[in-house]
Amino acid sequence: MPRRLNTSGCLLLIAVSAAPGVIGGCSEQRPGAGDRAVAASHQGDETGRFPVHLNLPVGPPRVETGQRDHLDRPVTVSCVACHSLQAPDRVARSGDDLQQFHQDLQFVHGNLACLSCHNPLNYSALRLADGTEVEYASVMTLCGQCHPRQSNDYVHGAHGGMTGYWDLTRGPRSRRICIDCHDPHAPAFPHMIPTFKSRDRFLSPQSPH
Amino acid sequence: MSSEKPHRTFSLPVLGDVSRRTAMKAVGATIGVAAFGRAILPLAELKDRVTLQEFLQKHYKELTPQEKATIFERLESETKAQYGAAVSIRDPPPIPGVRFGYAINLSVCNGNGRCAEACHRENNHDRATSQSYIRIFEMPRGTMDLEKGRSTYDHVVPAPDSFYLPVQCFQCENPPCVSVCPVEATWQEPDGIVVVDYNWCIGCRYCQAACPYHARRFNWQQPEVPADEINPDQGYLSNRIRPQGAMEKCHFCLHRTREGRLPACLEACPTGARIFGNLLDPESEIRWVLANKRVFVLKEELGTRPTLFYFFD
């Protein structure tokens, strides 16, 4: 995996400007969570292409308290609400290692420690192996660090699928991101039940009547 | 419709043109009378369904835009009358400079069948028979022999030691189904899509026999689709409701793809196994796959040159 960080850079780029830069490779553009709305709303850039909308998280996840406010909305708290008050546990690797909270968390993802991905200096963000902070909105950069092949395939439209237009000069496209299909804590793609079976009219023709 | 040929006489129910009739005779002569009789059997049973206008419909490829518009109107009102659904039939032309290619990642496909289901809905397939242009084979690992696969599996997927092979029309560059058609009711368009003119097709099913991939389907019965489930977004050469006795096949959703949209089966795939695009565009996703993955086609030795490719990561 020689172009590890490069790959990640490309991923960030699509997160921002979508189509045109993707195929051509990386550019200097700087990523950021706030750019997402821009990418999704403006129509056709200077190259006459429509944007590729990525289903990026808007911010860090929050934890439900089980309470509801006066408008009956669930009350949630941020990660830092608790984690700014306690020292990070650098060895925890599964829900079983945790006694006080998050015990229900199923973890089956290699032999990673929680803090391989979560940033012990800021629980509102993730981090790469070298300590570089990564926003949740740029989570694909985190995945790309250890899975450069799938990330590169994704950048080229060959992993992860899409909806909308194959021809971006005619219309926009939407894409799911890594964590839409792979739970970061248990990333194996779930088993499925086939819901539809075509009955084979060629192999067993109905008698016409 | 133009009125140039009311003088014609018709000897077979759906043969509305001298050249077609001649073609049928020629075929009959080479394969024998009995086989010929069998081949047109489905037609004979359709007699009373065929309208005079259908008789008169010229080879679709040769029609002027005005003539086409008339046919679309007729088909739309027939659909309204038979199915109670208001539909709009159009005929998007091939996009110049586009030749479609499709690739399926067999490492990712898990045989869940959502593609076949999307095809079923998008293309107004007969509901009772769960018709679809896509057939998925559950294959034991280590073989590409379709005979070893089963398309009738019915359990949680993926099963251990199995992989899944979705098969649909490969839009061969060298399509054996086209040359056997005695009446030129099926042909290849400039964007590579092999199409069928359902009203021109005489239902002899030679193309079905010629396809080494079993990708063609025959309408033994008039498809039945409830009015509220009919997809009104229809193409003449694609998903309009087919008449009984016509052959049909995957057309890469040309009513979508010729307007730049992705095929319905690709959009529906929850695993992201499908990649579609323009083979003539070096920047396209499909070209990247061809350049960077070890792609292969089924039954390459037959020289059909499919434009739907498979690969494993």
Side-chain angles (χ1 to χ4, degrees), chain A residues 14 19-25 47-50 52 55 147 149-178 180-182 188-209, chain B residues 42 45 95 98 103 105 108 110-114 116-117 119-120 125-126 129-136 151-158 208 214 216-221 244 257 259-263 266-267 269-278 283-286 288-289 292-293 313:
Chain A
I14 28 169
V22 182
I23 311 281
T47 63
R49 283 167 166 259
F50 284 80
V52 177
N55 186 32
H147 302 294
R149 185 162 57 78
Q150 282 80 7
S151 298
N152 193 34
D153 286 358
Y154 182 91
V155 168
H156 291 96
H159 189 93
M162 55 183 73
T163 57
Y165 285 75
W166 65 264
D167 182 355
L168 289 170
T169 66
R170 290 166 189 257
R173 187 183 289 173
S174 294
R175 302 198 66 187
R176 280 172 284 175
I177 68 164
C178 314
D180 290 327
C181 295
H182 302 292
F189 197 80
H191 282 63
M192 294 177 70
I193 300 168
T195 48
F196 174 88
K197 281 275 92 194
S198 68
R199 260 178 264 147
D200 227 311
R201 288 211 284 182
F202 173 70
L203 299 173
S204 51
Q206 318 273 308
S207 57
H209 50 132
Chain B
E45 281 153 3
I95 305 171
V98 171
N105 184 344
V108 164
N110 65 6
N112 64 71
R114 300 295 191 277
E117 182 172 16
C119 174
H120 176 75
H125 282 292
D126 185 50
T129 50
S130 303
Q131 177 82 298
S132 172
Y133 296 139
I134 303 175
R135 188 183 289 133
I136 307 173
S151 65
T152 51
Y153 62 91
D154 187 17
H155 48 70
V156 168
V157 292
Q208 192 175 32
H214 305 315
R216 287 184 173 244
R217 306 282 191 281
F218 187 67
N219 286 283
W220 293 97
Q221 289 147 6
Q244 183 184 28
T257 50
E259 293 175 350
R261 295 163 65 202
L262 289 158
L266 186 149
E267 288 199 335
C269 176
T271 69
R274 292 170 166 263
I275 298 104
F276 183 83
N278 180 7
E283 303 284 282
S284 66
E285 290 81 6
I286 185 73
W288 189 86
V289 167
N292 291 279
K293 302 287 177 183
D313 281 333

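Values in this document were obtained by computation on a predicted structure and should not be read as measured data. Just so we're on the same page: letters track the sequence lines, and every chain starts at 1.
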**Student:** Does any heavy atom of chain A fall under 4.5 Å from the side chain of B/D313, the backbone, both, or neither of them?
**Tutor:**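 Its backbone and side chain both get close to chain A.
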
**Student:** Given B/V157 and A/H191, is the side-chain contact (heavy atoms from CB on, under 4.5 Å) satisfied, shown in steps?
**Tutor:** CA-CA 6 Å; B/V157 292; A/H191 282 63; over 6 Å; no

**Student:** Counting only N and O atoms by type, is there a donor-acceptor contact under 3.5 Å from the side chain of A/W166 to the main-chain atoms of B/T257?
**Tutor:**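 The answer is yes, because a donor-acceptor pair under 3.5 Å joins these two groups.
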
**Student:** Check each atom of B/P263 against the heavy atoms of chain A and say whether the ones under 4.5 Å are side chain, backbone, both or neither.
**Tutor:**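 Neither part.
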
**Student:** When rounded to the nearest 0.5 angstrom, what is the spacing between CG in B/L262 and CE in A/M162?
**Tutor:**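 Going from the CG atom of B/L262 to the CE atom of A/M162 covers 6.5 Å.
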
**Student:** Quick one: which of A/G164, A/A158, A/G161 has the most heavy-atom pairs under 4.5 Å with chain B, could you say?
**Tutor:**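 The residue among A/G164, A/A158, A/G161 with the greatest pair count is A/G164.
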
**Student:** Got A/F196 and B/I136 here, is their nearest side-chain heavy-atom distance under 4.5 Å?
**Tutor:**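 With C-beta onward as the side chain, the pair stays apart.
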
**Student:** Between B/G113, B/G277, B/P158, B/C269, which has the largest tally of heavy atom pairs under 4.5 Å with chain A?
**Tutor:**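 The candidate making the most pairs under 4.5 Å is B/P158.
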
**Student:** Go through B/D154, B/T271, B/I286 and name the one with the most non-hydrogen pairs under 4.5 angstrom from chain A.
**Tutor:**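 Ranked by contacts with chain A, first place is B/T271.
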
**Student:** Tell me whether A/D167 is salt-bridged to B/R261, with the criterion being a basic N under 4.0 Å from an acidic carboxylate O.
**Tutor:**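 Salt bridge absent between A/D167 and B/R261.
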
**Student:** Taking all heavy atoms of B/P270 and all of A/C181, pick out the closest pair and write down the distance.
**Tutor:**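 Looking at all heavy atoms of both residues, the shortest contact is O-SG, 4.2 Å.
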
**Student:** Could you tell me the separation between the CG atom of B/N112 and the OG1 atom of A/T195, rounded to the nearest 0.5 Å?
**Tutor:**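 Spacing of CG (B/N112) from OG1 (A/T195) equals 7.0 Å.
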
**Student:** Using non-hydrogen atoms only, which part of A/D153 is less than 4.5 Å away from chain B: side chain, backbone, both, or neither?
**Tutor:**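 Its backbone and side chain both get close to chain B.
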
**Student:** With B/H155, which residues qualify under ring-ring contact (aromatic ring centres under 6.0 Å, His included), at least two apart?
**Tutor:**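 Partners of B/H155 by the ring-ring contact (aromatic ring centres under 6.0 Å, His included) criterion, ordered by chain and then number, come out as B/Y153.
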
**Student:** Output all residues satisfying side-chain hydrogen bond (donor to acceptor under 3.5 Å, both in side chains) with B/T152, sequence neighbours left out; order by chain, then residue number.
**Tutor:**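 With sequence neighbours excluded, B/T152 shows a side-chain hydrogen bond (donor to acceptor under 3.5 Å, both in side chains) to no residue whatsoever.
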
**Student:** Please examine the side chains of B/V156 and A/M192, heavy atoms only from C-beta on, and report whether any two atoms are closer than 4.5 Å.
**Tutor:**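 Heavy-atom side-chain distance check fails, nothing below 4.5 Å.
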
**Student:** B/E259 and A/Y165: which non-hydrogen atoms are nearest, and at how many Å?
**Tutor:**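 Looks like O-CE2, 3.4 Å.
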
**Student:** For A/R173, is there an ion pair with B/E285 - N to carboxylate O distance below 4.0 angstrom?
**Tutor:**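 Yes.
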
**Student:** Would you say the side chain of A/H159 lies within less than 4.5 Å of the side chain of B/I275, judging by non-hydrogen atoms?
**Tutor:**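 Of all side-chain heavy-atom pairs linking A/H159 with B/I275, none is under 4.5 Å.
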
